[in-house]
Amino acid sequence: MKIHEFQAKGILAKFGVPIPKGEVAETPGQAREIASKIGPRVVVKAQVHAGGRGKGGGVKLANNPEEAEKLADEILGMKLVTHQTGPEGKLVKRVLVEEALDIDRELYIGIVIDRATESPVVMASPEGGMEIEKVAAETPELIFKEYINIATGFRDFQARNLGFKLGLQGNTLKQAVKFLLALYKAFESSDASLAEINPLLITKQGDVLALDAKMNFDDNALARHPEIKNMRDFSEEDELEVEASKFGLNYIKLDGNVGCMVNGAGLAMATMDIIMHSGGMPANFLDVGGGVSEESVKSAFKILVSDKDVKAALVNIFGGIVRCDMVANGIVKAARNLDLKIPMVLRLEGTNVELGKKILEESGLSFSAASSMKEAAEKVVPLAK
Ligand code: ADP
Ligand code: MG
């Protein structure tokens with residue numbers, strides 16, 4: 001799950017990570033009031049789930065409260081387009097009004113889970129303020145890393161190592177070490193999958209603060225953090241993906257035209273592979289899960305057919321815990337309700353498969369049946385073309 005910059009800064013502050021003074025405004029009038037309190041010079045920052053706001057015109061400097069009001073008026077309600085939003089952009093409903101600080105240096109700090117070493121990794125780079133993907137591609141030697149043993153945690157000497165490599169000294173180095181340790185604590189305690197500070201600011205006075213903050217969380221751990229779970233902003237997410245998550249479905253939109261409905265993530269991956277192997281492209285990843293019900297099959301179909309790119313569908317169900325007859329009933333009901341027009345290839349296997357097939361055959365639905373994954377893929381790919 002993703003959250004906004006102001007929310008991430010709120011979490012970080014609780015762990016003692018220094019952040020600029022600031023408050024959120026939903027109207028230009030509020031922005032002016034906040035600026036008179038913490039200003040006079042403030043930065044007005046669009047709050048959307050996307051980076052690159054600065055370049056896109058979503059981060060602007062105001063010299064006084066009147067200017068803050070004017071800038072907030074411009075930014076609120078705009079469709080902010082950045083390299084991360086796609087051409088349609090994202091509607092700005094809130095701005096963060098923050099004290100404007102004097103920048104000496106902009107550095108980069110990021111914490112993620114490294115799958116290869118199965119440990120968190122703290123990354124630091126002197127090339128802050130720009131796209132880290134570009135730094136990684138062009139000058140990877142400018143990204144320094146410390147891998148963390150989760151049993152012993154992030155050690156002081158590791159934080160100091162990073163500070164030295166960033167070229168920090170004296171009081172600034174001390175502050176940076178404290179900053180890194182607090183940031184790691186926030187990352188670990190909130191079950192984050194990403195904590196990124198870009199830029200980490202070194203002020204002209206030598207102080208260290210998080211100028212930007214991005215945090216993502218492990219969805220599977222959200223049950224332990226109700227206060228973070230409540231920060232979810234549905235309006236920032238793909239509509240179909242939100243709909244799917246309400247029914248406990250795992251849905252990810254992809255670029256192809258073969259809609260897939262599968263139970264189990266492993267089978268879903270294998271299904272996408274075999275579609276590509278047969279010359280097609282999946283339109284989505286859709287895992288209806290192990291405990292699939294008639295209701296979830298119905299909602300899965302609804303999601304498939306509301307995607308205009310889907311030209312044919314492949315339903316691939318293995319009945320282990322779930323019974324094929326129940327799935328078949330779900331398909332029949334959904335197909336009737338939704339007036340399904342796209343061609344469909346069905347492959348059912350496992351518990352009660354005969355009963356499931358019978359239900360489908362007697363339903364009068366038009367579909368083609370396949371008895372293996374390979375056959376199913378070879379049938380559906382030409383149908384989608
Ligand atoms: P994004 O990464 O989405 O572009 P940032 O929060 O990183 O947004 O802001 C972009 C740039 O704006 C920063 O690199 C920094 O130069 C400037 N900036 C952001 N917040 C402040 C602030 N409080 N004071 C001064 N400059 C700021
Ligand atoms: Mg940034």
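Whatever order the structure lists ligands and atoms in, that order sets their numbers, starting from 1. As the structure is a computational prediction, the values presented were derived from the model and not from experiment.
Looking at heavy atoms from C-beta onward, Val297 lies in side-chain contact with Met261 at the 4.5 angstrom threshold. Looking only at side-chain heavy atoms (C-beta outward), Tyr184 and Glu146 stay at 4.5 Å or farther from each other.
Taking the Mg ion (ligand 2) as the corner point, the angle from Asn198 atom O to Asp212 atom OD2 is about 100° (rounded to 10 degrees).
Within 6.0 Å of CD on Glu118 lie no more than 12 heavy atoms contributed by other residues, nucleotides or ligands.
Nearest protein heavy-atom contact of atom 27 (C) of ligand 1 is Leu211 CD2, 3.7 Å. Regarding atom 15 (C) of ligand 1, its nearest protein heavy-atom neighbour is Glu106 OE2, 3.4 Å. At the top of the distance list for atom 24 (N) of ligand 1, counting protein heavy atoms only, stands Leu101 N, 3.0 Å. In terms of protein heavy atoms, atom 23 (N) of ligand 1 is closest to Glu98 OE1, 2.8 Å. Given atom 5 (P) of ligand 1, the protein heavy atom at minimum distance is Asp212 OD2, 3.4 Å. Closest protein heavy atom to atom 6 (O) of ligand 1: Lys45 NZ, 2.7 Å. Summary of contacts: the protein heavy atom closest to atom 11 (C) of ligand 1 is Val59 CG1, 4.6 Å. Residue, atom and distance of the protein heavy atom nearest to atom 26 (N) of ligand 1 are Ile103 CD1, 3.7 Å.
By the criterion of a heavy-atom distance under 4.0 Å, neither the backbone nor the side chain of Leu201 is placed next to ligand 1.
The ligand atoms of ligand 1 that sit less than 4.0 angstrom from a heavy atom of Asn198 are 7 (O).
Note that atom 17 (C) of ligand 1 has no protein non-hydrogen atoms nearby, at separations under 4.0 angstrom.
With hydrogens and angles left out, the side-chain atoms of His49 and Asp233 include no donor and acceptor closer than 3.5 Å.
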